[in-house]
Amino acid sequence: MGVLAGRTALATGASRGIGRGIAERLGREGARVAVHYGRNETAAKETVDAIEAAGGSAFALGAELGLPGDAEALWEEFDRHADGLDILVNNAGIGNTPPIEEIGEEEYDRVFAVNVKAPFFLVKHGMSRLRDGGRVINISSGLSRTAVMPNNMAYAMTKGALDVLSRDLSKVLGPRNITVNSVAPGIIATDNTYELLHSSEDAWAEAAAISALGRVGEAVDVAEVVAFLASDGGRWVTGSWVDATGGSLT
Ligand code: NAP
């Protein structure tokens, strides 16, 4: 039996990329997983199928984030499938953003709406559903601390805000024995980084060289860290920024 047997998890943005890796990993540990998607219902169903094929249990849950009322809509949909929650993974996010010289207000507002406002209100409206002893795990980025890429500043700023949410929320939910942490990936091969990793012949090798371990990360590298924090073994880690960059110290 997996270490998360009997628990219910919700991973946002689990139709693709890192979120899919997290959903599959938590499912493999026995959690029943709510696989959230924005626009790609078919891809979310593939995540559900993969979890079920591995002997787990999951269901898909659609909600566009970054719009007024998005969090309440998501929880209303969630309530139709499940009665309470143990693990909330705020993973859905967008980036990259243009440099400060080029970014407009609309693009700035959009990245903050999806990457900051949505997780904030998902937590606000989800706290009553989250059971005591639960977990909140926010997927941040190495760009909020160890890696400095000013060309992507607005995106990095959203992850800095998410880190404050992790830190301060840990005090709010601590009395209920709920831990809250940020997990910060480095460069992970997903749709989000496809352009970057294929922008030139050397792009992949250059990205790999940023990590002390000399390779580009995979979704499962992040999912393992999330699975640890979600497990009983992670019970004494809260309010933290957990480095999952493979040593990307630029
Ligand atoms: P990805 O491959 O682009 O996937 C993004 C996921 O988020 C998809 O499941 C997408 O759902 C969902 N999503 C995006 N915008 C949404 C919206 N407005 N409403 C609802 N769902 C939305 O991204 P990723 O690379 O896996 O990144 C996942 C997280 O890790 C993000 O928070 C990102 O900032 C962070 N991160 C990534 C890297 C990296 O190198 N990849 C590094 C550091 C941090 P649909 O496709 O169904 O619309």
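Counting starts at 1 for both ligands and their atoms, following the listed order.
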When you compare ligand 1 with [X], is there at least one nitrogen or oxygen pair between them that comes in under 3.5 angstrom?
{"X": "G38", "answer": "yes"}
{"X": "G66", "answer": "no"}
{"X": "S141", "answer": "no"}
{"X": "N40", "answer": "yes"}

Between [options], flag the one that comes closest to [atom] by a heavy atom.
{"atom": "atom 9 (O) of ligand 1", "options": "A11, S15, A44", "value": "S15"}
{"atom": "atom 21 (N) of ligand 1", "options": "R110, K159, H36, E64", "value": "H36"}
{"atom": "atom 44 (C) of ligand 1", "options": "A43, S140, A219", "value": "S140"}
{"atom": "atom 25 (O) of ligand 1", "options": "T245, V114, T190", "value": "T190"}

So which heavy atom in the protein is nearest [atom], and how far is it from that ligand atom?
{"atom": "atom 19 (N) of ligand 1", "answer": "L65 N, 2.8 Å"}
{"atom": "atom 26 (O) of ligand 1", "answer": "I18 N, 2.8 Å"}
{"atom": "atom 13 (N) of ligand 1", "answer": "A92 CB, 4.0 Å"}
{"atom": "atom 14 (C) of ligand 1", "answer": "G93 O, 3.8 Å"}
{"atom": "atom 12 (C) of ligand 1", "answer": "G13 CA, 3.6 Å"}
{"atom": "atom 48 (O) of ligand 1", "answer": "R39 N, 2.8 Å"}
{"atom": "atom 33 (C) of ligand 1", "answer": "Y155 OH, 3.5 Å"}
{"atom": "atom 43 (C) of ligand 1", "answer": "P185 O, 3.4 Å"}

Does [X] [atom1] have over 12 foreign heavy atoms under 6.0 Å away?
{"X": "I100", "atom1": "CD1", "result": "no"}
{"X": "D83", "atom1": "CG", "result": "no"}
{"X": "F120", "atom1": "CZ", "result": "no"}

I need the atoms of ligand 1 closer than 4.0 Å to a non-hydrogen atom of [X], numbered in the order shown.
{"X": "Y37", "result": "47 (O)"}
{"X": "A14", "result": "9 (O)"}
{"X": "T193", "result": "39 (C), 40 (O), 41 (N)"}
{"X": "G17", "result": "2 (O), 26 (O)"}
{"X": "D191", "result": "2 (O)"}
{"X": "I187", "result": "40 (O)"}

From [X] atom [atom1] to [Y] atom [atom2], the distance as rounded to the nearest 0.5 Å:
{"X": "H36", "Y": "N91", "atom1": "NE2", "atom2": "CG", "value": "10.0 Å"}
{"X": "I94", "Y": "N192", "atom1": "CD1", "atom2": "CG", "value": "9.5 Å"}
{"X": "T47", "Y": "I22", "atom1": "OG1", "atom2": "CD1", "value": "11.5 Å"}

Are any of the side-chain heavy atoms of K159 and L143 separated by less than 4.5 Å?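 Heavy-atom side-chain distance check fails, nothing below 4.5 Å.
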I'd like to check R25 versus V226 (side-chain heavy atoms, cut-off strictly below 4.5 Å). Are they in contact?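 No, side chains not in contact.
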With the threshold set at under 4.0 angstrom, would you say [X] reaches ligand 1 through any of its heavy atoms?
{"X": "G142", "answer": "no"}
{"X": "G186", "answer": "yes"}
{"X": "A63", "answer": "yes"}

Over 60° means perpendicular and under 30° means parallel, so classify the ring planes of H198 and W204, tilted if in between.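 Answer is perpendicular, since the angle exceeds 60°.
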So, does [X] use its side chain to make a donor-acceptor pair with the main chain of [Y] at under 3.5 Å?
{"X": "S211", "Y": "L213", "result": "yes"}
{"X": "R176", "Y": "L130", "result": "yes"}
{"X": "S57", "Y": "R32", "result": "no"}
{"X": "R20", "Y": "A43", "result": "yes"}

So, D243 and T245: side-chain donor and acceptor under 3.5 Å apart, yes or no?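 Short answer, yes.
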For ligand 1, note which part of N91 has a heavy atom under 4.0 Å away: side chain, backbone, both or neither.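 Both of them.
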Closer than 4.0 angstrom, basic N to acidic O: yes or no for E77 and R80?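 The answer is yes: the pair qualifies as a salt bridge.
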